[in-house]
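Below is one structure; the comments refer to it alone.
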Amino acid sequence: MHFPSKANLLRPVNIAPKRAAEQHCLSLLQTCTSLSHLTQIHSLLLKLGLQHNPLVLTKFTSTSSTLNAIHYASSLLFSSNDNITHYDAFLFNTVIRAYSQTSSHSTAVYYYKLMLKNGVLPNKFTYPFVLKACACVGRLSLGEQVHGSVIKVGFDNDIHVGNTLVHAYGCCGGGIGFARKVFDEMPEWDSVSWSAMIGGYARLGMSSEAVGLFREMQVARVRPDEVTMVTVLSACTDLGALELGRWVESYIEREKVPKSVELCNAVIGMYAKCGDVDKALNLFRKMSEKTIVSWTSVIVGMAMHGHGLEAVSLFEEMKEDGLVPDDVVFIGLISACSHSGLVEEGRRYFNSMLEGFGIVPKIEHYGCMVDLLSRAGLVKEALDFVQKMPIEPNQIIWRTLIAACRSHGELNLGESITKQLIRNEPMHESNYILLSNIYAKKSHWEKKTKIREVMEKKGMRKIPGSTMIELDNEIYEFVAGDKMHNLYKEIYEMVDEMGREMKRAGYLPTTSEVLLDIDEEDKEDALNRHSEKLAIAFALLKTPPGTPIRIVKNLRNQARRIGIIKVKLQVQHLCLNLYWDHGELLRCVPPSGEAPNCLRVLGVSRYDRVPNRPVFRNGQSCSISPKEWGIAAEKDPFACSSSDDKACPPSNVFLFGA
DNA sequence: CTAGGGTTAG
């Protein structure tokens, strides 16, 4: 219906030609492809008094999705002397969606508020658009506001709206409980609802909740789709739950879940981070369509496992394949160089970012470089690098540097940087831990005690490091000195036996890294109480000879690292082809005739997460036991359809790297 | 005009 405006009433016009002109303009709109053409049509429409036509905006946003075009279009459409109440929800929806899609989330929210302010009633399409923007902004209060409006307008039973609410809350800091509440109160659920909720848990590192919810989904007989599988896989990756991940892959095969690129990437990422590099690489090679993310996943996977050279050659192969590197792949690449001591290569790649690809290095890239130099022992150069950085170094960079100072004996330098850091950020506990460790290394025990006291006064507590291990599809978690387990006596006996065998093989306990004011013998004892050793001992007790043992660490300077240990057990004789970490908790000269290099410290996963909550501890049953998997479990959940399912090859020795 | 997903320095 076309109502003539006041002006038109005063000056009668012939309606018919005008309608024809309008039709003409609209048909022009359908076919126009360039912004300038569009602008011409728009000025034509303006002359006809049709500036409110939402088609123009739709066309603007589809012709050119650049911000400029959208700004231009919205400034044309929302001129200040207009009465906005005459606009409809569709127009606002288009603007909100356009801004949301171009990552201008705050502007999207602004238009949503403008809409409300002017009494334009949102419709059921408005909320998914605006909630998506809320999710990206991540502000809980905003999510709550929109939620309130959803209830007021009465769309709280709409499944699309509900799903986006779950998602938005899941993305807002502290909103996961609200997300679950919305989820629980939804009248019905589809696979999107489940994926949104599982994905919310997975994103926060609440991975056992994520996996538990997936189980409930199966009990509820909702068929998971490829997105659901991606979220479950990322939870597996996070838990280091390789067996569970394998199960998910076989489920995908069995249930013929369509394999999107994202899903393939998730599977590859899971294998890579959980330690089955060969499998990851295999699947990667078989992928028909590889995106930059696929390459990045596999490059990062290689880097984690110490295959720096392979990571570098994959990168070169990627370029030959015609893919243009992005900033993310450079993070993986430089950290690959860093973990493999390829200092010159790392420098070269870092410089090539801007020179070769026009990518301005971000703080992460500078961080990688600081790590690269630090690990190589070039502490002074690293400091120099930091001081010359064009952007303000962040806490991570300083802490990297401090850690380097500690391990390369630059204790005074480390001490002064740490003190500065504490002055800037007095409530961050890891700074205190760093300082306390530096004092310990300097044998300043009183100062160390004082730091601990300060921390206590401020109510800070160190999150204890733990080690998890997946056995018979259950996950067991150990902390240092753990005696909670029923088998703890046997476990400690096994630790002793491991120690004897390792010493016989040439292991020297690195007691200098035990930062306690105790004598050497007690330090060895402290080493033997490490959660890693307890987990390994437990695994040795519970598994047949030749079983690869994989351990998962909950944190390492807030990073989670996944370690893989391959163990050979000869009757009662342990022959550990081991290992370990930058912290050098263990070191073992391998048995003669066998290649060294048996263990890698692997996997850095996500940082900005809530600290990992214990999955479950010490033999208590866990939510991911396949016996409890409901429907899926009835169908032999571990029937692996893939032919290369060789979890436990018969050979006794498993070598890594080399 | 509507929703959920894969890669990211310590």
Side-chain angles (χ1 to χ4, degrees), chain A residues 54 57-58 61 89-98 123-132 135 155 158-168 170-171 190-200 202-203 224-234 237 260-270 272-273 291-301 303 326-335 338-339 361-372 374-375 394-404 430 555-561 582 604-608:
Chain A
L57 185 64
T58 320
T61 53
F90 177 80
L91 195 63
F92 276 100
N93 290 353
T94 318
V95 179
I96 294 168
R97 182 186 53 176
N123 64 15
K124 65 171 178 175
F125 301 113
T126 313
Y127 291 107
F129 290 144
V130 75
L131 282 167
K132 197 171 185 180
F155 285 119
D158 184 289
I159 194 159
H160 285 109
V161 175
N163 290 344
T164 19
L165 260 176
V166 171
H167 176 241
C171 290
D190 59 10
S191 68
V192 179
S193 330
W194 288 95
S195 308
M197 195 63 231
I198 297 172
R203 207 174 306 114
D225 61 14
E226 72 270 27
V227 180
T228 321
M229 299 324 280
V230 169
T231 61
V232 176
L233 277 167
S234 78
T237 309
S260 58
V261 196
E262 289 90 343
L263 183 53
C264 291
N265 291 341
V267 175
I268 289 171
M270 182 276 295
K273 289 225 181 85
T291 64
I292 185 88
V293 177
S294 325
W295 287 95
T296 308
S297 301
V298 79
I299 287 171
V300 168
D326 64 0
D327 54 333
V328 181
V329 77
F330 272 106
I331 296 174
L333 181 66
I334 301 170
S335 81
S338 171
H339 288 279
K362 294 204 258 194
I363 191 84
E364 291 91 338
H365 303 99
Y366 286 97
C368 289
M369 286 305 289
V370 174
D371 188 52
L372 178 93
S374 296
R375 273 177 207 264
N394 61 12
Q395 310 287 328
I396 297 173
I397 289 193
W398 288 119
R399 282 195 280 269
T400 307
L401 205 53
I402 294 164
S430 60
L555 46 81
R556 241 194 65 90
N557 299 332
Q558 284 138 38
R560 304 164 62 114
R561 287 183 172 271
H582 332 347
V604 180
S605 60
R606 308 151 201 208
Y607 300 116
D608 15 322

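When reading the values below, keep in mind they use all heavy atoms of this one structure, side chains included, and skip hydrogens, waters and symmetry mates. Residue numbering restarts at 1 for every chain, and letters A, B, ... go by the order of the sequence lines. From a predicted model like this one, the values you see are computed outputs, not experimental measurements.
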A/Arg399 side chain N/O closer than 4.0 Å to the phosphate oxygens (OP1, OP2) of B/dA9? no

To the nearest angstrom, how far is A/Leu131 atom CG from B/dT2 atom C1'? 11 Å

Counting the atoms with a prime plus P, OP1 and OP2 as sugar-phosphate, which does A/Ile363 contact under 4.0 Å by heavy atoms, base, sugar-phosphate, or nothing? base

Base, sugar-phosphate alone, or nothing: which one does A/Thr291 contact when heavy atoms must sit under 4.0 Å apart? base

Describe the nucleic acid contact of A/Asn93 in one word from base, sugar-phosphate, nothing, applying a heavy-atom distance below 4.0 Å. base

Nucleotide B/dT7, atom P - distance to CG of A/Leu263 in whole Å: 12 Å

What's the verdict on side-chain contact (heavy atoms from CB on, under 4.5 Å) for A/His167 and A/Met197, showing C-alpha distance, side-chain angles and the deciding distance? CA-CA 7 Å; A/His167 176 241; A/Met197 195 63 231; over 6 Å; no

Mind checking A/Asp190 for me? I need base, sugar-phosphate or nothing, with any heavy atom below 4.0 Å counting as a touch. base

Rounded to whole Å, the CG-P distance (A/Asp158 to B/dG4) equals 14 Å

For the pair made of CH2 in A/Trp194 and C1' in B/dG4, what is the distance, rounded to whole Å? 14 Å

Are the side chain of A/Ser338 and the backbone N or O of A/Ile334 linked by a donor-acceptor pair below 3.5 Å? no

Check the distance between B/dT8's C1' and A/Asp326's CG and give it to me in whole angstrom. 9 Å

Name the nucleic acid region contacted by A/Ser191, choosing base, sugar-phosphate or nothing; use a 4.0 angstrom heavy-atom cut-off, strictly under. base

Value in whole Å for how far the P atom of B/dA3 lies from NE2 of A/His167: 11 Å

My understanding is that only one of A/Val227, A/Thr164, A/Asn163 makes a side-chain contact (heavy atoms from CB on, under 4.5 Å) with A/Val192; could you say which? A/Asn163

Look only at the side chain of A/Asp371 and the backbone of A/Gly367, and say whether a donor-acceptor pair between them is shorter than 3.5 Å. no

Using a 4.0 Å heavy-atom cut-off, does A/Ser193 contact any base of the nucleic acid, only the sugar-phosphate backbone, or nothing at all? nothing

Between C1' on B/dT2 and OH on A/Tyr127, what's the gap in Å once rounded to a whole number? 13 Å

For A/Val329, run the side-chain contact (heavy atoms from CB on, under 4.5 Å) check against A/Asp326, A/Leu333, A/Asp327 and tell me which one passes. A/Asp326

Would the base of B/dG5 count as contacting A/Ser260 through its side chain, where contact means a donor and an acceptor less than 3.5 Å apart? yes

When we call it a touch if two heavy atoms are under 4.0 Å apart, what does A/Val261 touch: a base, just sugar-phosphate, or nothing? base

Any base atoms under 4.0 Å from A/Thr228, or only sugar-phosphate, or nothing? Heavy atoms, all strands. base

Using OP1 and OP2 only, check whether a side-chain N or O of A/His160 sits under 4.0 Å from B/dG4. no

Base, sugar-phosphate alone, or nothing: which one does A/Ile334 contact when heavy atoms must sit under 4.0 Å apart? nothing

Length of the CD1-P vector between A/Ile299 and B/dA9, whole Å: 14 Å

Please tell me if A/Lys273 has a side-chain N or O lying less than 4.0 Å from either OP1 or OP2 of B/dT8. yes

With no hydrogens and no angle check, just 3.5 Å: does a side-chain donor-acceptor pair link A/Thr228 and A/Ser195? yes

Residue-phosphate contact under 4.0 Å: A/His365 side-chain N/O, B/dA9 OP1/OP2: no

